[in-house]
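Just so it is clear, the values below take in all heavy atoms, side chains as well, and ignore hydrogens, waters and symmetry mates. Numbering starts at 1 and runs along the sequence shown.
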Amino acid sequence: MFIHSFPIMVLVLAFLMFCQLTCMSQGQLRVGFYSQTCSEAESIVRSVVRDAIETNPRNAPILLRLHFHDCFVQGCDASVLIDHGSNSERNAPGHIGLEGFEVIENAKARLESVCKGAVSCADIVALAARDAVSLIGVPFYEVPTGRRDGRVSNISFAANMPEVDDSIQLLKSKFMHKGLSHKDLVLLSSGAHTIGTTACFFLQKRLYDFSTSSSSDPAINPQFLPKLKALCPPGNVNDKIPLDAVTESTFDEQIFRNIRDGFAVLSSDARLNDDINTKQVLESYINNGSSTGRPVPSFKLDFTKAMVKMGNIGVKTGLQGEIRRVCGSFN
Ligand code: HEM
Ligand SMILES: *[C@@H]1O[C@H](CO)[C@@H](O)[C@H](O)[C@H]1NC(C)=O
Ligand SMILES: *[C@@H]1O[C@H](CO)[C@@H](O)[C@H](O)[C@H]1NC(C)=O
């Protein structure tokens with residue numbers, strides 16, 4: 001038996017070795033990438049994130065958003081963290097309001113002291129987003145790692161970030177360009193907006209300058225419109241209001257009901273109701289107690305799958321890029 005299967009085993013081994021080489025050069029991430037080189041990597045990130053959220057619960061949405069903004073420009077390569085003056089990507093209009101840089105830098109400093117030069121800033125950002133959401137009620141999910149840090153940061157490269165006043169067609173196509181489906185768009189954007197806040201800056205157009213025929217977005221529920229206007233008066237750009245007007249601090253599917261019923265805060269969330277495909281996705285997560293017997297998929301579980309997908313956008317692996325010593329500057 002053993003004698004007969006021996007040549008097959010040799011073939012299988014040869015294939016596995018071949019795969020390890022080629023798979024690496026083809027940009028595959030894998031769970032547990034640091035198990036040999038920095039076994040404490042994930043637990044260190046997690047403890048830094050836990051401390052940051054205990055000190056300030058706002059760090060949960062902040063770290064989640066940072067990962068999205070990193071991945072959508074030049075891939076998930078920590079390009080958004082670079083701070084080399086006014087031309088840095090992070091100063092782009094598409095990144096307005098980003099925070100959390102010091103949490104990532106803090107995790108990086110601790111990792112450098114334990115395993116110098118091993119863990120990329122891009123992986124820290126991805127792990128921190130996972131830890132942030134899993135500390136507030138999203139099921140824990142494995143994050144494939146092995147990302148390398150990019151060597152480019154340019155303010156003009158963030159010009160195509162999804163924007164709050166984009167049409168549903170444009171939002172879908174911007175996600176499609178990153179390999180993300182209309183389902184991922186619903187899960188990730190409105191899914192993430194179940195927590196966190198927006199500056200009134202992002203509501204001005206929707207409330208006061210929506211279109212030639214209507215000063216405010218007709219998709220806003222008439223009961224909600226005066227409340228939103230009171231929270232964000234004309235010209236007020238700095239006040240912050242919850243993105244989920246009903247359950248602002250719970251990571252739940254309430255945001256989908258809000259959108260369906262005209263209680264979305266951001267225009268980009270409301271637009272998910274404008275398209276038959278995205279509308280169907282968001283309604284599929286609403287358990288409306290109908291007697292249809294329709295199984296309601298788990299929003300949180302599907303959110304984690306979409307997060308892993310987003311974390312794969314344009315990653316650099318193997319010999320590409322570098323492992324930064326400090327996340328805010330190139331080596
Ligand atoms: C359709 C694409 C999207 C648009 C147009 C959009 C737009 C926005 C805007 C305008 C804000 C308010 C920012 C501020 O005032 O500081 C915001 C906040 C936020 N976004 Fe998005 N977003 C999108 C997708 C996503 C995705 C994919 C994620 C993560 C997976 C995400 C996570 C967040 C979080 C967590 C916040 C709250 C941040 C905080 O409280 O500081 N967004 N988004
Ligand atoms: C940034 O990108 C623009 C457009 O591609 C290019 O013209 C410019 O030289 C770049 N700036 C730097 C500092 O690399
Ligand atoms: C409830 O769910 C069913 C099945 O998806 C759907 O046809 C119906 O329109 C929903 N009702 C409301 C009020 O959303």
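- Aromatic ring centroids of F303 and Y285 lie 6.0 Å or more apart.
- A salt bridge does not link R206 to D165: none of the charged nitrogens lies less than 4.0 Å from a carboxylate oxygen.
- Other residues, nucleotides and ligands contribute over 12 non-hydrogen atoms within 6.0 Å of the NE2 atom of H84.
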Next item on the list: Go through R30 and E142 one step at a time and tell me if the salt bridge (Lys or Arg N to Asp or Glu O under 4.0 Å) criterion holds.
Entry: CA-CA 9 Å; R30 62 185 168 85; E142 296 286 1; over 6 Å; no
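- The residues E283 and R260 are annotated as not salt-bridged, no charged nitrogen and carboxylate oxygen being separated by less than 4.0 angstrom.
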Notebook entry, point to check: Hey, mind stepping through R58 and E99 against side chain to side chain contact (heavy atoms under 4.5 Å, CB included) and telling me if it holds?
Noted result: CA-CA 10 Å; R58 293 248 327 112; E99 297 175 71; 3.5 Å; yes
Note to self: Could you go through L231 and C200, starting from their C-alpha distance and side-chain angles, then the distance that decides it, and tell me whether this counts as side chain to side chain contact (heavy atoms under 4.5 Å, CB included)?
What the structure shows: CA-CA 8 Å; L231 289 168; C200 285; 5.6 Å; no
Margin query: As a quick check of understanding, evaluate side chain to side chain contact (heavy atoms under 4.5 Å, CB included) for E89 and H95, giving each step before the final call.
Written below: CA-CA 8 Å; E89 179 200 310; H95 289 326; 2.8 Å; yes
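- At most 12 heavy atoms of other shown residues, nucleotides or ligands fall within 6.0 angstrom of atom CG in N160.
- Taken together through direct or relayed side-chain contacts under 4.5 Å among Ile, Leu, Val, Met, Phe, Trp and Tyr, L170 and L188 form parts of separate hydrophobic clusters.
- Put simply, CG on D184 and CE on M307 are 11.5 Å apart, with the number rounded to the nearest 0.5 Å.
- Side chains of H193 and D269: a donor on one and an acceptor on the other come within 3.5 Å.
- Taking OG of S79 as the reference point, atom CG of D70 lies at 5.5 Å (rounded to 0.5 Å).
- Heavy atoms from other residues, nucleotides or ligands lying under 6.0 Å from NZ of K174 number more than 12.
- Inspection of the T278 and R271 side chains reveals no N or O donor paired with an N or O acceptor under 3.5 Å.
- Looking at D252 and T194, their side chains do bring a donor and an acceptor atom within 3.5 Å of each other.
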Next item on the list: Start with the C-alpha gap between E112 and R325, add the side-chain angles, then the distance that decides, and say whether salt bridge (Lys or Arg N to Asp or Glu O under 4.0 Å) holds.
Entry: CA-CA 7 Å; E112 284 297 294; R325 284 186 284 270; over 6 Å; no
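- In summary, R130 and E42 engage in a salt bridge, as defined by a charged side-chain N under 4.0 Å from a carboxylate O.
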Next item on the list: Apply side chain to side chain contact (heavy atoms under 4.5 Å, CB included) to I168 and L185, showing your working.
Entry: CA-CA 10 Å; I168 185 63; L185 165 64; 4.1 Å; yes
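- A side-chain donor-acceptor contact under 3.5 Å links D244 and N258.
- Using the six-membered ring where Trp is involved, F263 and F224 have ring planes that are tilted, between 30° and 60° apart.
- In the displayed structure, N238 atom CG is contacted under 6.0 Å by at most 12 heavy atoms of other residues, nucleotides or ligands.
- Residue pairs meeting the ring-ring contact (aromatic ring centres under 6.0 Å, His included) criterion with at least one member in residues 139-171: none, sequence neighbours excluded.
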